[in-house]
Amino acid sequence: MPVDPRRTLPPYRIKVVEPIPILGAEERRLALEQAGYNPFNLRADQITIDLLSDSGTGATSAQQEAAAALGDESYAGARSWFRFLDEVGDLTGYPHILPVHQGRAGERILFTSLLKPGQICVSNTHFDTTHANVKLVGAEPRDLPCPEAADLDSSEPFKGNIDLAALESLLTGPDGHRVGLVLMTITNNGLGAQPVSMANLEAVGELCRRHRVPYFLDAARFAENAWLVGQREAAYRDWTPRQIANRAFQLADGCVVSLKKDGLSAIGGFIGLRDGDLHARCEANLIATEGFSTYGGLAGHDLERLAQGVREVVDPAYLGARAASTARFAQLVNEAGVETVQPAGIHALYLNAGRLLPHLSPDQFPGHSLGCQLYLDGGIRCAELGSLYLGGLDEQHRLVTPAPFELVRLAIPRRVYTDTHLEYVAAILADIAKDPERVSGYRIVSSPPLLRHFKVRLEPLAAATGPTTRVGPKP
Ligand code: F0G
């Protein structure tokens, strides 16, 4: 469907710009070799378009920077804290708000205060740090994504939902008493940026109340989920994104939020709570490990940027423009012959590398191979979400359990790249799609025991060759 630019115009113009490095093909080849063929080891000044993460990578607004200049750095009770508290308290409706420096600090504090060893934390899908923090307190993370999520090609609107039938049978079954928390991730970052419907969030709330289980949101992308609900769920068509987000928070007992995404800031997060006792336990932990309860590891200027950021992020014009830009990007990539998880979400595109590179078996890591090729051909950095990240390896680092899908995530920083930058990425992908067999597979050379994808080193199985048609600058 053609997009009407009158409805998708970004509601801002660019005032401050930053040059992006443009390397030649041989410089990129050398850089990747020196990085052990792991894009995490690249230096940012070796990257032309960085789609590794949408976290902490957004552009701030003039209003945010003006507010930051007013940051009050008093140790306790700073003005900036009260501004943050007013905004976040109003947005969520929770009586207790604890600031943290980023999402995973909030997860650690919440889980340490709420979960006991042996308990189960159930989610539509845990993000990787969330998964790790559940395990660190001796509890078991369990993912129950809805069955529709397994079909990457279907256009079902809410593939981020939890499987309600599976959740109910867990709660009523022999392990029911072990469930210590239900945590809904909105949007579902682990599963293709798919949104969760309000009907699903509501039904989870009813089940949790009936079984007396605490119910929390991992709401890193609360505004983007709200936008997609407004577009796709009939009952919410006339609600503003802010009203929808507020209602989602109200359905739960609390939340843990990384504000590095929809806080439109480089750093920040918070825990929102209804329960006073739990708040007291979390607060003691916060003071011991993050900072006093009126700053939680953040500077006054950070709190100011965040207070303004959570206000800007629910602007329908901003969300509509961002969603349209991702949808347009998805369309270009699909037209180039590269399949993506359908329907397009907002914060990232998920490329189906398994399908694009059928000549590579999972143990040759097709997702990683595509990511490396994007760097070699165009200086583009992204993240693999396939067997390198999720698969099971033996002691010789050989793949024994492949991941269900071989995906690559192209995360889109907020307000940073124009549609022209995304067209460049689509053009590089189009070149790869014209001759996919030139993409080499990879083998692991060394791998750390924990959090493999960050530090693993690899080597290509054959020398990767350049594109047949050059699109990148300075070949
Ligand atoms: N929850 C979700 C759903 C996330 O996507 C992230 C981070 C976190 C929690 C942790 O928050 O980084 O502030 O500690 N996601 C980033 C990403 C890193 O690239 O998707 P954090």
Side-chain angles (χ1 to χ4, degrees), residues 39-40 44 50-58 88 98-111 121 123-136 141 143 145 149 160-162 181-196 201 216-226 228 245 248 252 254-272 286 289-290 296-298 302 305-306 309-310 313 326 341 345-350 371 381-385 389-390 407-414 416 451 453-454:
F40 267 104
D50 202 347
L51 306 183
L52 186 63
S53 180
D54 66 317
S55 181
T57 53
V88 171
L98 294 170
V100 289
H101 83 276
Q102 69 180 91
R104 65 199 73 180
E107 292 162 7
R108 177 180 52 75
I109 290 168
L110 179 70
F111 300 160
C121 178
S123 180
N124 47 345
T125 308
H126 293 82
F127 178 67
D128 61 5
T129 60
T130 325
H131 191 273
N133 275 307
V134 170
K135 289 187 91 160
L136 277 173
D143 291 342
N161 285 353
I162 200 167
L181 175 64
V182 175
L183 183 70
M184 290 294 288
T185 311
I186 61 170
T187 58
N188 197 335
N189 184 24
L191 274 179
Q194 298 297 307
V196 179
L201 290 179
F216 275 66
L217 302 183
D218 173 354
R221 299 175 182 86
F222 63 89
E224 295 182 355
N225 200 77
L228 293 171
C255 65
V256 57
V257 178
S258 164
L259 286 175
K260 298 180 69 172
K261 290 83 172 166
D262 279 348
L264 297 177
S265 297
I267 201 75
F270 71 95
I271 304 170
L286 178 87
T289 61
E290 277 281 285
L298 294 164
D302 294 324
R305 283 193 190 88
L306 289 163
V310 297
V313 78
T326 304
V341 174
I346 299 184
H347 83 276
L349 279 199
Y350 293 67
R381 178 159 73 169
C382 51
E384 191 251 18
L385 280 178
Y389 169 51
L390 295 165
L407 302 179
V408 171
R409 187 184 77 165
L410 304 182
I412 307 168
R414 292 165 182 77
V416 169
L451 294 169
H453 53 296
F454 291 118

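Every number for a ligand or one of its atoms is a count from 1 in the order of the listing. Keep in mind it's a predicted model, so treat the numbers as computed, not measured. Only this structure's heavy atoms are used, side chains among them; waters, hydrogens and symmetry mates stay out.
At least one donor-acceptor pair under 3.5 Å links the side chain of R381 to the backbone N or O of P39. Of the possible polar contacts, one joining the E290 side chain to the H101 backbone as a donor-acceptor pair under 3.5 Å is found. Judged purely by atom type and a 3.5 angstrom limit, R409 has no side-chain atom pairing as donor or acceptor with the backbone of E384.
For the residues R409, K261, R104, the heavy atom positioned nearest atom 7 (C) of ligand 1 is part of K261.
Listed by number with element, the atoms of ligand 1 under 4.0 Å from a non-hydrogen atom of S53 are 17 (C), 19 (O). Near N189, with a cut-off below 4.0 Å to any heavy atom, the atoms of ligand 1 are 5 (O), 20 (O). Residue T185 approaches ligand 1 through these ligand atoms, each under 4.0 Å from one of its heavy atoms: 3 (C). Of all atoms in ligand 1, listed by their number and element, those nearer than 4.0 Å to a heavy atom of G103 are 11 (O), 13 (O), 14 (O), 21 (P). Those atoms of ligand 1 with a heavy atom of R221 less than 4.0 angstrom away are 3 (C), 4 (C), 5 (O), 17 (C), 20 (O).
Looking only at heavy atoms of the protein, atom 8 (C) of ligand 1 is closest to F127 CD2, 3.4 Å. Taking atom 1 (N) of ligand 1 as the reference point, the nearest protein heavy-atom neighbour is D218 OD2, 2.8 Å. For atom 9 (C) of ligand 1, the nearest non-hydrogen atom of the protein is E107 OE2, 3.2 Å. Annotation: atom 10 (C) of ligand 1 to nearest protein heavy atom, T129 OG1, 3.6 Å.
At a heavy-atom distance under 4.0 Å, atoms from both the backbone and the side chain of Q102 approach ligand 1.
Taking the side chain as every heavy atom from C-beta outward, V196 and N225 approach each other to under 4.5 Å. Considering only heavy atoms from C-beta on, K261 stays 4.5 Å or farther from N189 through its side chain. Inter-residue side-chain proximity for N124 and L191 is flagged as unmet; no heavy-atom pair is nearer than 4.5 Å.
T187 and E224 are not linked by any side-chain donor-acceptor pair at a separation below 3.5 angstrom, with hydrogens and angles left out of the test.
Assignment of H347 to the shell around ligand 1 is not supported, since no heavy atom sits closer than 4.0 Å.
With sequence neighbours left out, the side-chain contact (heavy atoms from CB on, under 4.5 Å) criterion links C121 to L115, H126, V134, L181, L183.
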